[in-house]
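Note that the structure is predicted; figures quoted are calculated from it, not measured. In what follows, every chain begins at residue 1, and chains take the letters A, B, ... in the order their sequences are listed.
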Amino acid sequence: MIDKTYQPSDVEGRIYQTWEQAGAFKAGRPERASAETYAIVIPPPNVTGSLHMGHALNNTLQDVLCRFERMRGKDVLWQPGTDHAGIATQMVVERQMMERQEPSRRDIGREKFLEKVWAWKAESGGTIVNQLKRLGASCDWSRERFTMDEGLSQAVVKVFVELYREGLIYKDKRLVNWDPKLLTAISDLEVVPVETKGSLWHLRYPIEGKTFDPDDKSTYIVVATTRPETMLGDSGVAVHPDDERYKVLVGKHVILPLVGRRIPIIADEYSDPEKGSGAVKITPAHDFNDFEVGKRHNLAQINIFSVEAKLALQGNEAFAAGLPASADLDATLAMHGADRFAARKTIVARLEEKGLVEKIEPHGLAVPHGDRSNVVIEPFLTDQWYVNAHELAKPAITAVRDGRTTFVPKNWEATYFNWMENIQPWCISRQLWWGHQIPAWYGPDGKVFVATSESEAQTEADRHYGTNTALKRDEDVLDTWFSSALWPFSTLGWPENTQELKRFYPTSALVTGFDIIFFWVARMMMMGLHFMKDDKGAPQIPFKDVYIHRLVRDASGAKMSKSKGNVVDPLGIIDEFGADALRFTLMRNVAPSHDIRLGPQDVENNRNFATKLWNAARFVEFNGAARVEGFDPKSAKETLNRWIAHETQKALHEVAAAIGEYKFAEAANAAYRFVWNVYCDWYVELSKPLLTGPDGVSKDETRAMAAWALDEILKMLHPFMPFITEELWRVTAEQGPKRETLLALAPWSKLEGLTDDNAETEIGWVIDLITAVRSLRAEMNINVNIPLVLAGVPAETQARADRWAEFIKRLARVSELSSAATPPQGSAQIVVRGDLVALPLVGVIDIAAERTRLAKEMKKAEDDIKRVDAKLGNEKFVANAPEEIIDGEKEKRAEAADRLGKLTEALERLKGAV
RNA sequence: GGGCGCGUAGCUCAGCGGGAGAGCACCUCCUUGACAUGGAGGGGGUCACAGGUUCGAUCCCUGUCGCGCCCACCA
């Protein structure tokens, strides 16, 4: 028995358990050993994270694909796992330690700290996994991986060492984005510009050999800067070679104020005469452009503070060592212990005292910030490890150009190419503790030995030095995205040549958000193509299709964020409306070029849809419509049953085709319309006379068909609404012939041969008639059952009406159905598919109102005729338009003319009435 | 500066060459034997604007305006 109401919270947990116990989501089920494979690797959520709406969308999309392909008989692997999320996790644990007023990580040391992180991972790592299960995600949990588990760590080391040996990973001293709060380098992608109202300081640099006089412009050159504190590191002033104002100064020197350093005035195209004063100070160690200019002109790279000093002071942002010996002592002292912005004040004050500040203008600019720390990034000259991304990008670009990997929607490829073609070296070292420690060891002279293990490095070192030499391991860890880049093959067991690798790589699809195309997708492409080869040694892509989705926003269209307090918790939604309602809402609204707006109202509507489905199943059950062993829908005799079989096939094909093209909303909406507007609104209603009528062949057939179509509905909805469909599948299994499989493993039906145009025409006519009568009744406010007279209709219509009389009476609330040559006096008259239908309503209808109504209908018909005549009267249209269009227009005209004729007669007849 | 996308009913969005659709909201009616988390009916739109291509443009092209996002730069 199906319960009166569906309570998602009561059944979802149980259903999920059933799936797990049956091993329904396991890849490599023996009975599918020879089946085609289908694989998706999950975008690994942060191990310490919890499910947000973005996850809900991302994973529902993947689940729809996986469940659909599983039902289509494929051997599906949805590879789950979590990411160690270096910076994020380290920050979480550090914050927790601070809240508990425990000693800091530097106090307890690396080893103790890492123990704490692992403990935290053990404690909270399962959260996200359980939340994904609540969403219904059909991952193969037996294969769950973690980016820092042993196997994946081995993969990371191997990749690092091999790329190093190929020269594609190298150590370099260049400017990096330094995060002064986290005290680590970060990659370009982790820097976000923040629009800020700043100032532009115009500083006077005295020219060598002249006595500085604020009133004599020939004694100094003005440079404009947004960061006056960096002047301590200036090693040149650049002007544009064509700038007449400064031509005479090129080659001369200025004496850097406060510091006293002699620095050259150089000519370089980088200088823009339009900006600032046209002369720009060059600080090679603290600005990316200046770094390049400095290299061109051999300028000194002067750090205004040193990493060592900062590390020692644990982030006090102190200026310490590193200032040149000739620095103004006062300035140095003022810097000591002050942060960059305090230093700026001090320096500006010192310069102002000396009359060296010409003016300060307000100036808007985008200041780079760290995406995690949210502090201003300091370009900083340090030794870091880099990946030669430019080289690795080449095959990754080609693979997409050749269409071996395709983006859906395709326009993201432009974004991908644009970034890949301009890719910069990828800084992969991080001055953190939580992550994969770089497999590099240093000898006493600083020589580096990169190896897969310490002993291997030691052996190499001993060979090199000719004696046993103590080595020191590189303290840095790798960027989290380095291990993520290997995810599609590391999770499958690489570097071992596993069965999984052979069977599931390249994976079928990747589903991810546009915001990590660069962070993740591009890098997986690079690493996958470099390390994975097919039998012939050709590079292998990590995935064939990349489906890119957008954001989930709140009901008013605002981006969800903790600070705004508008975050909708998917688990709260699941508690209230059920996972199916949330999933279906997301799927019905996901569109390639739009973010999704999600309001509770939408979820409620889809919860209502689930209820509708539930009640349809109850109706079927009440009416004894159980599944019948070996029932073949093709064998149906009743037109109504042939019609629903026809519609079912159509809907099932629509849904399958749409999922196949990643058109999730189209698929979900096709299923929605079929279930609600076809099956419930018409089939269930029209089947009532048959199901409540006398026992017999027709009744049996209708019962079997109703149950059969319901089964098909459960299948077509299952990828979207796995819980309620599985539950109904289970309950209905009790009623018909034995059925052992879970719906999750049931085969997607390959319906064919059910198309029936006659049934469609006939039922279409019935539906139109009922709708027209209902419409008229509502318009004229008639609440009682009324008689219906077919006026002078052809024999075919008459026969049809006879066949459907009972149905029409019931659904259109008609008391009696009869025929006559002409409509009775005082009838309301409507035209249904060319047939005149009269509703004799003497004394009931308002003749004047009916006249007005008819006139309105006639106007419509006349307009239709005019429109078509205008077209058909156009020679060029007749000459150029395709034949079927012209024929269509002619049909339209004939239909309208016929309708007009009947309506005119109807109006004529009404004249006699009072 | 470069790129991508979007302006269609009050709202959220489909449609993307042959006289505009859905859901929600709104109005009217209906507790009829699956479902009031429901049923029936209805009103509501110069498809941003201007040109062009075409027999025909919401749909294709060009431009304008407005909105959003990404990349680069910002002395």
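Within the 4.0 angstrom heavy-atom criterion, base atoms lie near A/S271. Nucleic acid contact class of A/A879 (heavy atoms, under 4.0 Å, all strands): none. Base contact: A/Y270 has a heavy atom under 4.0 Å from a base atom. Contacts of A/D272 with the nucleic acid, taken as non-hydrogen atoms under 4.0 Å apart, include base atoms. Here A/F518 lies in heavy-atom contact (under 4.0 Å) with sugar-phosphate atoms only. If you check every strand for non-hydrogen atoms under 4.0 Å, A/V878 touches nothing. A/K612 comes within 4.0 angstrom of a base, heavy atoms only. Here A/A591 lies in heavy-atom contact (under 4.0 Å) with sugar-phosphate atoms only.
The separation of B/A72 from B/C4, taken at their C1' atoms, amounts to 15 Å, rounded to a whole angstrom. B/G7 sits 15 Å from B/C11 when the C1' atoms are compared, rounded to a whole Å. Nucleotides B/A36 and B/A48 have their C1' atoms positioned 41 Å apart, rounded to a whole Å. B/A9 and B/C49: their P atoms are spaced 11 Å apart (whole Å). Here, B/U8 and B/A14 have their C1' atoms 10 Å apart, quoted to the whole Å. Spacing between B/G56 and B/G19 at atom P, rounded to whole Å, works out to 14 Å. B/U53 and B/C6 have their C1' atoms separated by 24 Å, with the value rounded to a whole Å. Taking atom P in both B/A40 and B/U32, one finds a spacing of 15 Å when rounded to whole Å.
Nucleotide B/A22 forms a Watson-Crick or G-U wobble pair with B/U12, both donor-acceptor distances falling under 3.5 Å. Of the nucleotides present, B/G52 is the one that pairs with B/C60 by Watson-Crick or G-U wobble criteria, both distances under 3.5 Å. Checking B/G38 for Watson-Crick or G-U wobble geometry (two distances, each under 3.5 Å) identifies B/C30 as its partner. Pairing for B/G43 is absent, with no Watson-Crick or G-U wobble pair whose two atom distances lie under 3.5 Å. Nucleotide B/C67 is matched to B/G5 when pairs are restricted to Watson-Crick or G-U wobble geometry with both distances under 3.5 angstrom. Base pairing analysis places B/G17 opposite nothing; no Watson-Crick or G-U wobble pair with both distances below 3.5 Å involves it.
The nearest heavy atom of RNA chain B to A/W614 and to A/R588 marks one nucleotide each, and the one closer to the 5' end goes with A/R588. Remark on RNA chain B: of its neighbouring residues A/S775 and A/V280, the 5'-side contact belongs to A/S775, judged by nearest-heavy-atom nucleotide.
Atom P of nucleotide B/C35 and atom CD of A/E621 are separated by 13 Å, given to the nearest angstrom. One can place CG of A/D188 at 16 Å from P of B/C70, the figure rounded to the nearest angstrom. Rounded to whole Å, the distance from OH on A/Y683 to C1' on B/C35 is 18 Å. The distance from atom CZ of A/R810 to atom P of B/A34 is 8 Å, rounded to the nearest whole Å. Spacing between atom CG of A/L582 and atom P of B/U37 amounts to 21 Å, rounded to whole angstrom units. Protein atom NZ of A/K688 is 8 Å distant from nucleotide atom P of B/C35, rounded to whole Å. Atoms CG (A/N289) and P (B/A72) sit 13 Å apart, rounded to a whole Å. Between A/R867 atom CZ and B/G18 atom C1' there is a gap of 12 Å when expressed in whole angstrom units.
Electrostatic pairing of A/R296 and A/E269 does not count as a salt bridge here, judged by no charged N lying under 4.0 Å from a carboxylate O. One finds a salt bridge joining A/K860 and A/E857 here, because a Lys/Arg side-chain nitrogen approaches an Asp/Glu carboxylate oxygen to under 4.0 Å.
Ranking B/G39, B/C74, B/C35 by closeness to the A/K4 side chain, first place goes to B/C35. With B/C73, B/A34, B/C29 as the candidates, the nucleotide lying closest to the side chain of A/K275 is B/C73. When distances are taken from the side chain of A/N880 to each of B/C70, B/C74, B/C55, the shortest belongs to B/C55. With distances taken from any side-chain atom of A/N411 to the nucleotides B/C4, B/G38, B/G41, the minimum falls on B/C4. Closest to the A/I885 side chain, of the nucleotides B/A14, B/G38, B/G18, is B/G18. In this structure, the nucleotide among B/G18, B/G23, B/A14 sitting nearest to the side chain of A/P882 is B/G18. Here B/U28 is the nucleotide among B/G18, B/G5, B/U28 with the atom lying nearest to any side-chain atom of A/N781. Out of B/A34, B/U37, B/A14, the shortest distance to the side chain of A/H594 is found at B/A14. Distance from the side chain of A/F877 is smallest for B/C55 among the nucleotides B/G39, B/C29, B/C55. When distances run from any side-chain atom of A/R597 to the nucleotides B/A14, B/G19, B/U12, the shortest one goes to B/U12.
Side-chain polar atoms of A/T585 and A/N606 form a donor-acceptor pair below 3.5 angstrom. In summary, the side chains of A/Q735 and A/T732 do not present any donor paired with an acceptor at a separation below 3.5 Å, with no hydrogens or angles considered.
Atom CE in A/M721 sits 9.5 Å away from atom CZ in A/R583 (nearest 0.5 Å).
Here the side chain of A/E190 pairs a donor or acceptor atom with the backbone of A/S187 at under 3.5 angstrom.
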* Asked: For A/R899 and A/E895, what are the C-alpha separation, side-chain angles and deciding distance, and is it a salt bridge (charged side-chain N to carboxylate O under 4.0 Å, His left out)?
  -> CA-CA 6 Å; A/R899 184 153 40 97; A/E895 184 279 325; 2.8 Å; yes
* Evaluation steps, ring pair (Phe, Tyr, Trp, His ring centres under 6.0 Å), between A/F609 and A/F720 -> CA-CA 12 Å; A/F609 174 72; A/F720 302 98; over 10 Å; no
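With hydrogens and angles left out, the side chain of A/R774 and the base of B/G41 share no donor-acceptor pair within 3.5 Å. Residue A/E685 places a side-chain atom within donor-acceptor reach of the base of B/A34, judged by atom type and a 3.5 Å distance cut-off alone. A donor-acceptor contact under 3.5 Å links the side chain of A/R607 to the base of B/U37.
Listed pair A/W676 / B/G39 meets the phosphate criterion, a side-chain N or O lying under 4.0 Å from OP1 or OP2.
Between A/Y672 and A/W676, the distance separating the two ring centers is shorter than 6.0 angstrom.
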